[in-house]
Colleague: 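Following this message is one structure expressed as structure tokens.
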Amino acid sequence: MMSIYRIPVGPQHPAIKEGFQWNFKLDGEVIVDVTPRLGFVHRGIEKGMELRSWVQGIYLAERICGICNTPHTTCYCLAVEQLYDVEVPKRAQYLRIIINELNRIHSHLLWIGVLGMEIGFMTYFMYVWRDRERVMDIVELITGNRVTMSMNMIGGVVYDITPPMEGIIRRGLDYLEERTKYYKEVLLNEPTIRARTENVGVLSKSDAIDLCAVGPTLRGSDVKSDARFDEPYSSYDEISFNLVTYPYCDVYARALVRADETLESIQIIRECLDKMPSGPIKVRLKRTPPPGEAVARVEAPRGELLHYVKSDGKEKPYRVKMRTPTLANIPATCEMLKGYYIADIPAIIASIDPCYCCTERMLFIDINSGKSWVWTDSELRRYSLKYYRERRK
Amino acid sequence: MSKSTSKEEFIAHELKSNFGDVISELKVTGPRRVYVTVPPESLRDILLFLKNMFNARHIVTITGIDMMKSFELIYHIAVPGEHIRSILVNVKTHIPRDNPTMPSVVDILPGATLYEREVHDLLGIVFEGHPNLERLILPDDWPEDEFPLRKDWKPKEV
Amino acid sequence: MMNVLYYLFRVLIYPGFLFISALAFVFEWIDRKAHAHFQNRIGPLYAGPHGFLQPLADFIKLMAKEDFTPTWANPVFFNITPVLAATLPVFASFYIPFTGMPVLPPFEGDLVLVLTLTTFFTITAFLAGWFSSNRFSSVGAIRVVLQFLGYEIPMFISLGSAAIAAGSLSITKIANSQVIPFAILQPLGFAIYIIALQAELEKIPFDIPEAESEIVAGWLTEFAGRKLAFFRLSEDLRLVLGAGLATAVFLGGGSGAIFPPIVWFLIKMVIVVLIATSLRTVFARLKIDQVVRGAWKYLLPLALLQLLITKILLVVM
Amino acid sequence: MVSIIGWSRIRSPWILYMGTGHCNACDIEVLAVLAPRFDVERFGILLKGSPRHADVLVVTGAVSRQTAPRLKRIYEQMPNPKFVIAVGTCACSGGVYWGCYNVLGGIDKVIPVDVYIPGCPVRPEAVIQGVAKLLAKLQGGGKK
């Protein structure tokens, strides 16, 4: 029986950058092994970086992922500044914190809305995305653009926050805080959401550490690790905020982690606005950095992001390596699927909230008979229904 | 900027004492940064040492660079400091360009499966012992022997 | 001769086909506008005054689109099912007393006929999905039947208990015999009917056969152009049928103070439609196994309980 | 008769969204167009899942080699009269990914495009204006 497993290209919600495809190895009913196949949205950015000058690299780094564009530019600029061995002025560091946290609020609210859309709760999606516009207004106020902030520059920051802006930003933050608390309330005790997210896609704490998971996926399994604490870049250590973790290890925990982190981010921005030092916002630097190499780590909304930069003194980078947080989470995602029955795959895949447009194919290989077949999600769902009905008889 | 705290010094010192003869270069370039260069054969021992001695279980990624005369692989390992993933130890190795093979580290650090497949895809380095070294990133119709991240590879009109 | 003309007029124009289709478009407009306003949006605005002609615009556009039959699809069923899907609800609506008197003369047992026609529709939906030879529509078809197994029996029982209370199986008699609307006498029956109606119309939280993001558009995936127009029209017609049945059986049909029966009937139907829309707005989509298990574990016992209460009340009275 | 059909086509353009080698910024802006603040349902625009149901194909992202055949197939599955809107600078001309080896450049290298909406990411207002321009083009005797 050969038929293709394919979730069609359709209205998709962007949660990760790389499209991926799941290959399952089965022993009868139980999933023994899962291997992913990426590459559907691969554009060859790392090679593209070598064709661009250092400054042009910022604009390409920004468009690796549309949602968390700021962490990418922050990480790239931090790495290059390490090459120059220069310290960015204090005010620029605080501005970078504010922009990164605004981006985190934007990304987390987006994901919470998409979680509602994912389980068919359109009203929740509409309300959350209506309030998310408030963050984009603040971002537009500071940088002039709703989504791609292009705030960072090698040696500092491009835009500044003037006193009249602060008042608007604070009012926006108050409104956002009140709304995020309300959405967390809904998340906590709305039965249909809980029915679709509780103890689904469980990732134990030890697996999360072994498989190097990052971000909310890791912190949902009760592991205290956040790049802002592990490596306090751009004076995060001067800001007091706490690390959010939940012990339930399932999708419900990850949703709660993201909701709490949004509230934390709002506090961070307020504290930055209070303690904002005066002074210049950028440092003038030569066009090409001295030869050498540098590594920078930043906490993107989806997890720890790493940029490695190598320069040989020329005006184009010799090598730029980026590791997006989603790539780190894929082995952990495979772990979540192991040991479950075929019938559970639709629930877990939906709970991981993959980028539907890229989750294309699911290949099954029965290791006993060596027979291999590929199923469509619909056939998979039909099989799971039949499977559960037999179990219930 | 370069006030290096004791933890990095301690790690560097431990590495020096255990693998002194093998290490060709070791430096602490700043807070939370340790660079060490080793030959390919002893890479696995270093990773095992870091894992057992310092409980370093998080590999951030593997960077592959085409240095014209040889390939350079950098294993970025996060070693616990004040937090469980604070200090970044970058373990570097050089492998010859003609038959680029490297022992896989998946059994020591299971998180490295995808990074090795990515380097294999883009640079053509074969990792012996890797469970399934299939294509990860490049499209299906991509010719077998072309590796985009090599310096001598020019993008043809697609 | 005059009699035939009169009947033709009643069937085709006034309480018949034209009137019901216009009602269908109006109800779809009410549904979309209410749904949008619940979600803090405006909803259709520019097609006619306040977007009133939006459903009509959708219908005409679909009629004018290119319409083709996929090569592997079974041509016979693929072309018949859309027409069947549109005519069944209309035929069933002929027995609903919109204007106090239904289009076709009422007879004892027309409630049973209307319910069998709704069951026929489910079978048509299954055939449409199954024979359009697309993976997603075949699974959508299976889910239609699965969901049908869940909600159909509780729906019949809740209507049955109302029929027993009114002592007749003719919708018109049930409507006229209600001094106090059954919705107040039998609130449980009314609630079960509304939930079952929501499942029959495949609206959230029961829209698994159609709009699950994994299976594109369920059993409707392969239909385009005119066929899709008929299926969307049939969806609205079923809403009219469902709301009409709810009004006739549970809300006392056209009986009301000053206004003629047709006005009261329309008001009550609009109320039922708004209830359905609010259900659609407030809930998330359930999984198919949750729906089927919920129907058998909760809806069915409650329906039987309602039947028991009605019987006891009748015996006591 | 034609004017009624023309009116109905202008009043209910159903869109099908597709991302090809995109960076997600334009996707969330296209999705934001459905959210309460911009709410394109006022113009009768609905987001549809199946190519059979849609009139307008909204495409973002510079076409990557892997998604080019899929984009062509989705376009062919759509019934006439169908239109294509290229959303974002990448969809119009490959945008910031010039020189990247796995990218074909703009959408028009694969399928005919009716409306180009530049912007990186495109603003929701621009998407609405793009659709309005398409409808205006339709009004002036669009192609059958």
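Proteins come first, then strands; the chains are lettered A, B, ... in the order of their sequence lines, and each starts at number 1. Small disclaimer: the values here were computed from a predicted structure and weren't measured.
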Colleague: As an exercise, state the distance from NZ of A:K47 to CZ of B:F147, rounded to the nearest 0.5 Å.
Modeller: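 Atom-to-atom, A:K47:NZ and B:F147:CZ are 13.0 Å apart.
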Colleague: Under 4.5 Å between any side-chain heavy atoms of B:L88 and A:L306, yes or no?
Modeller: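 A side-chain contact exists here, since the closest heavy-atom pair is under 4.5 Å.
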Colleague: Using non-hydrogen atoms only, which part of B:I74 is less than 4.5 Å away from chain A: side chain, backbone, both, or neither?
Modeller: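 Only the side chain of B:I74 comes within 4.5 Å of chain A.
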Colleague: Could you have a look at B:T63, B:I84, B:L122 and say which one has the most heavy-atom pairs with chain A under 4.5 angstrom?
Modeller: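 Sorted descending by pairs with chain A, the first entry is B:T63.
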Colleague: Under a 4.5 Å heavy-atom cut-off, does chain A meet the side chain of B:K51, its backbone, both or neither?
Modeller: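 Interface part for B:K51: neither.
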Colleague: Quick one, B:Y115 with A:R323, criterion side chain to side chain contact (heavy atoms under 4.5 Å, CB included). Give me CA distance, side-chain angles, the key distance, then yes/no.
Modeller: CA-CA 9 Å; B:Y115 307 139; A:R323 199 274 283 140; 3.5 Å; yes
Colleague: Could you go through A:L218 and B:R85, starting from their C-alpha distance and side-chain angles, then the distance that decides it, and tell me whether this counts as side chain to side chain contact (heavy atoms under 4.5 Å, CB included)?
Modeller: CA-CA 13 Å; A:L218 184 73; B:R85 286 177 177 171; 3.4 Å; yes
Colleague: Check step by step if side chain to side chain contact (heavy atoms under 4.5 Å, CB included) holds for B:Y35 and A:V295.
Modeller: CA-CA 11 Å; B:Y35 286 83; A:V295 187; 3.6 Å; yes
Colleague: Could you tell me whether B:R33 and A:E293 make a salt bridge, using a distance below 4.0 angstrom between a side-chain N and a carboxylate O?
Modeller: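 Judged by the 4.0 Å cut-off on N to carboxylate O distance, B:R33 and A:E293 do not form a salt bridge.
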Colleague: Are B:H58 and A:E304 side-chain neighbours, meaning at least one heavy-atom pair lies under 4.5 Å?
Modeller: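 Side-chain contact under 4.5 Å: yes.
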Colleague: Quick check: closest heavy atoms across A:I209 and B:R57, and the distance to 0.1 Å?
Modeller: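 Nearest pair, atom of A:I209 first, then B:R57: CG2-CD, 3.7 Å.
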Colleague: Could you tell me which portion of A:A227 (side chain, backbone, both or neither) has an atom closer than 4.5 angstrom to a non-hydrogen atom of chain B?
Modeller: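 Neither the backbone nor the side chain of A:A227 comes within 4.5 Å of chain B.
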Colleague: Report yes if some heavy atom in the side chain of B:L149 is under 4.5 Å from a heavy atom in the side chain of A:E50; otherwise report no.
Modeller: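 Counting from C-beta outward, B:L149 and A:E50 do come under 4.5 Å.
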Colleague: Checking the side chain of A:R319 only, and the main-chain atoms of B:G64 only, is there a donor and an acceptor separated by less than 3.5 Å?
Modeller: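 Indeed, once roles are kept as given, a pair shorter than 3.5 Å links the two residues.
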Colleague: With the side chain counted from C-beta on, respond yes when A:K321 and B:H76 share a heavy-atom pair under 4.5 Å apart, and no when they do not.
Modeller: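 Of all side-chain heavy-atom pairs linking B:H76 with A:K321, none is under 4.5 Å.
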Colleague: Would you check if B:M67 and A:K310 make a side-chain contact, meaning some heavy-atom pair closer than 4.5 Å?
Modeller: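 Side-chain contact under 4.5 Å: yes.
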Colleague: So what's closer than 4.5 Å to chain A heavy atoms on B:N90: side chain, backbone, both or neither?
Modeller: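 Side chain of B:N90 only, per the 4.5 Å heavy-atom cut-off to chain A.
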Colleague: In terms of heavy-atom proximity below 4.5 Å to chain A, should B:I62 be classed as side chain, backbone, both, or neither?
Modeller: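 Only the backbone of B:I62 comes within 4.5 Å of chain A.
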Colleague: Taking side chain as C-beta onward, heavy atoms only, is B:T61 less than 4.5 Å from A:Y308?
Modeller: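 No; the side chains remain at least 4.5 Å from each other.
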Colleague: So B:L114 and A:P331, do their side chains get closer than 4.5 Å, heavy atoms only?
Modeller: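 Yes, at least one pair of side-chain atoms sits under 4.5 Å.
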Colleague: State the CG-CD1 distance between A:L211 and B:I59, to the nearest 0.5 angstrom.
Modeller: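 Taking CG in A:L211 and CD1 in B:I59, the distance rounds to 12.5 Å.
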Colleague: Would you kindly say whether A:E231 and B:H83 are connected by a side-chain donor-acceptor distance under 3.5 Å?
Modeller: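 Absent: no donor and acceptor within the cut-off.
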Colleague: So, A:R297 side chain and B:S86 main chain: donor-acceptor pair closer than 3.5 Å or not?
Modeller: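 Yes.
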Colleague: Please look at A:A213 and chain B and tell me whether the side chain, the backbone, both or neither of the residue comes under 4.5 angstrom of a heavy atom of that chain.
Modeller: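 It is the backbone, since no side chain atom gets that close.
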Colleague: Which atoms form the tightest heavy-atom contact between A:Y318 and B:D66, and what is the distance?
Modeller: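 Smallest interatomic distance, heavy atoms only, reads OH-O, 2.5 Å.
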Colleague: How close do A:C212 and B:G111 get, heavy atom to heavy atom, and via which atoms?
Modeller: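 Nearest heavy atoms, A:C212 then B:G111: SG-CA, 3.7 Å.
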Colleague: Take a 6.0 Å sphere around NZ of B:K27 and say whether it holds more than 12 heavy atoms from other residues, nucleotides or ligands.
Modeller: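 For B:K27, atom NZ is crowded (more than 12 foreign heavy atoms under 6.0 Å).
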